[in-house]
Amino acid sequence: MTAEVRVTDRAEPQAGARPATAAITTTGLTKRFPGGQVAVDAVDLDVPRGSVYGFLGPNGSGKTTTIRMLLGLVGATAGTHELLGVQMPRGGLDVLPRVGALVEGPAFHPYLGGRDNLLRLDSGDRTAPGRESRQRVDLALERVGLSAAARKRYRKYSLGMRQRLGLAAALLRPRDLLVLDEPTNGLDPQGTREVRNLLREASTEGATVFVSSHLLSEIEQVCTHVGVMSHGRLVFQGSLPELRAAAGLRVRIETTRPEAASEVLRRLGTGKPELRPNGVVAELGTVPSDQVTAELVAHGVDVRQLVVERPDLEELFVGLTGEGFDVDE
Amino acid sequence: MSTSDALIGGRSAGPDAPAVRRHGLDLRLFRSELRLVLRRRRNLALIAVLCCFPVLIGVAVRASAPANGDGPPFLSQVTSNGLFLVFTALTVLLPFFLPLAVSVASGEAVAGEANIGTLRSLLVVPVSRTRLLGVKYAGSVVFSFVCAASVAVVGLVVGLLLFPHGDVTLLSGTTISYADALWRALLVLGYVTAMLAGLCAIGLFVSTLTEVPIGAMAATAVLAIVSEIADSIPQINAVHPYLFSHPWMSFGELLRSPIGWHGLQTGLLTQLVYVAIFLPAAWARLQSKDITS
Ligand SMILES: Nc1ncnc2c1ncn2[C@@H]1O[C@H](COP(=O)(O)OP(=O)(O)O)[C@@H](O)[C@H]1O
Ligand SMILES: [Mg+2]
């Protein structure tokens, strides 16, 4: 592997400098399952080195399938992708030792203990010296706080312990890239926080972290970049500030006459006004806020309060992917 | 969680530091596979059940000696030399219980890992699919050997305890020393393992077709039984030489003087052909398989 400088060919204007090489790039990555279902539809990922990239989307939006393709578990129907500048799946044996992965939750032999399970995985790594395998495994167990349960059978692990063992497997070696599929799934708030700390730590040590979740709130605090999946398509990709900027300003008016206020807004050409219990909310678009105030007063709408605000990320996420509950199919 | 160790989890030696891959024999993963197969309780239980047979046969023969020609081959020789208990037990187990145990291990091989999801973990380590298949096949063959060897050892010990153990009269009437006969027993063990190696390849192939290990085990066992039933239907004796179970019982050739090498060679060749068909088939299947479990 050469330390080539690779400039990604997609010319999206990016705020601020970013590393010249990407940890993950995909072009037109597509997966159509034998049943005919398109699970991933022409996805162009661009994960900068050193970033903590949140890969978001509701259940069934294609996150796991994308990750399986990235790691070479599932063949792509169309498109190409690279990990750490290495063409996949051809270069898998060369690059995967530098990639720690957790795919679709933890999976281990139920009748083996945590340590034996990790030793089993470690024994498959031809790039790691066999002499130090116990050391590696014990360090990884310690790192995720499982040293005390190292001998306990995996079958008897709680969901949280299983998730941690999965992370320990990803952290068996020093990695340049971590690909983690919903590592916080099923964890309590305390466990979620611990996972976030691990991600932060790995990132501080220089690893690029690619982490998926169906809950923005769980990883928002650690992410520098996000990609949002919906129905197999990547509907947004950029840095966190860019995501915030993508959320336009909106105006929230508290009034006793919401219908009248929304009529005024409609005529001004704002986004579609939404009625709230004691007022109305609308995307401002290009309409200046003082014009809104003036028009409302001119039409005799009493304005108890008028606030111009940015929607929070969760709302934006829902806006991009549709309301929750109904699974993407 | 500890934050004390910056040694792991972070970045490796340097950016784009090439990972140096070792080549050649892969003993670490193979040892791990052996531990997995040979420590698994279900597999140990299977071996234990197999080992009951030489004990049962030995005790039964001791209690009432069979008349010459009664019962399975070698049975009537047991009373004159305990070593024949080894061959009797193998003869009794080879048609059904040994193939069953082998079907369980080889059917489990890939499907079992797919079923619990550890297949994806191994592949992203990364373990190449070719290497995985090689290790799984070797593991199944070793398990077959361990099954047959356990039966042989138990048969040997029970034979020593319950029956005379002097010079051994072979099927051809020649008499050889007990030590020489032990060498023959070892050859019998090797031949029986080789006979099961064909079934291992078939089981491994079936195992790549499904994520339900019990299905793969059952299908493999059924194939073995179908082959044996077909082998017992005289109307289709033209196909008999091509059935993988056909030469299983030829190990008796090793108990003649001179040894009937021709029959043994045919048996080994048959298994070789089955391995040469089903291993590449398993490889092709696994290579192109989407790992979605
Ligand atoms: N093996 C498969 N065969 C057919 N369809 C599948 C398979 N795996 C996943 N899918 C479908 O692909 C879509 C994306 O699934 P997935 O990648 O698991 O989403 P996510 O991880 O975002 O929840 C879903 O509609 C799912 O039903
Ligand atoms: Mg998923």
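By convention in this document, chain letters (A, B, ...) are assigned in the order of the sequence lines, proteins followed by strands, and residues within each chain are numbered from 1. Quick caveat, the model's predicted, so the values are computed rather than measured.
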Heavy-atom pair with the smallest gap, counting every atom of [X] and [Y]:
X         : Y         : result
Gly124(A) : Val125(B) : C-CG1, 3.6 Å
Pro110(A) : Ile116(B) : CD-CD1, 4.0 Å
Arg120(A) : Leu122(B) : NH2-CD1, 3.8 Å
Ser123(A) : Ser32(B)  : OG-CB, 3.3 Å
Phe33(A)  : Thr292(B) : CE2-CG2, 3.8 Å
Ile291(B) : Arg68(A)  : O-NH1, 2.9 Å

### Task
Supply the atom-to-atom distance Leu73(A) CG to Ser293(B) OG, rounded to the nearest 0.5 angstrom.
9.0 Å

### Message
Taking side chain as everything from C-beta outward and backbone as N, CA, C, O, which of these in Ser288(B) sits under 4.5 Å from a heavy atom of chain A? Side chain, backbone, both or neither.
### Response
neither

### Message
Taking side chain as everything from C-beta outward and backbone as N, CA, C, O, which of these in Arg41(B) sits under 4.5 Å from a heavy atom of chain A? Side chain, backbone, both or neither.
### Response
side chain

### Message
I'd like to know if Asp122(A) and Arg28(B) make a salt bridge, using a cut-off of under 4.0 Å between side-chain N and carboxylate O.
### Response
yes

### Residue part contacting chain B, namely of Leu177(A), when any heavy atom lies under 4.5 Å
neither

### Task
Would you mind checking which part of Pro34(A) comes under 4.5 Å of any heavy atom in chain B, side chain (CB onward), backbone (N, CA, C, O), both or neither?
neither

Scan [range] for pairs that pass salt bridge (charged side-chain N to carboxylate O under 4.0 Å, His left out), counting only residues two or more places apart or in two chains.
range                       : value
residues 95-111 of chain B  : Arg40(B)-Glu108(B), Arg42(B)-Glu108(B)
residues 120-146 of chain B : Asp26(B)-Arg131(B), Glu33(B)-Lys136(B), Glu113(B)-Lys136(B)
residues 284-293 of chain B : Lys31(A)-Asp290(B)

### Query
Among residues 206-228 of chain B, which residues come closer than 4.5 Å to chain A, judged by heavy atom distances?
none

### Query
So does Arg32(A) have more than 12 non-hydrogen atoms from other groups sitting under 6.0 Å from CZ?
no

### Query
With respect to chain B, which residue among Thr208(A), Thr64(A), Leu71(A), Val74(A) yields the maximal number of heavy-atom pairs within a distance under 4.5 Å?
Val74(A)

### Task
Would you mind telling me which of Val124(B), Leu123(B), Val127(B) has the largest number of heavy-atom pairs within less than 4.5 Å of chain A?
Val124(B)

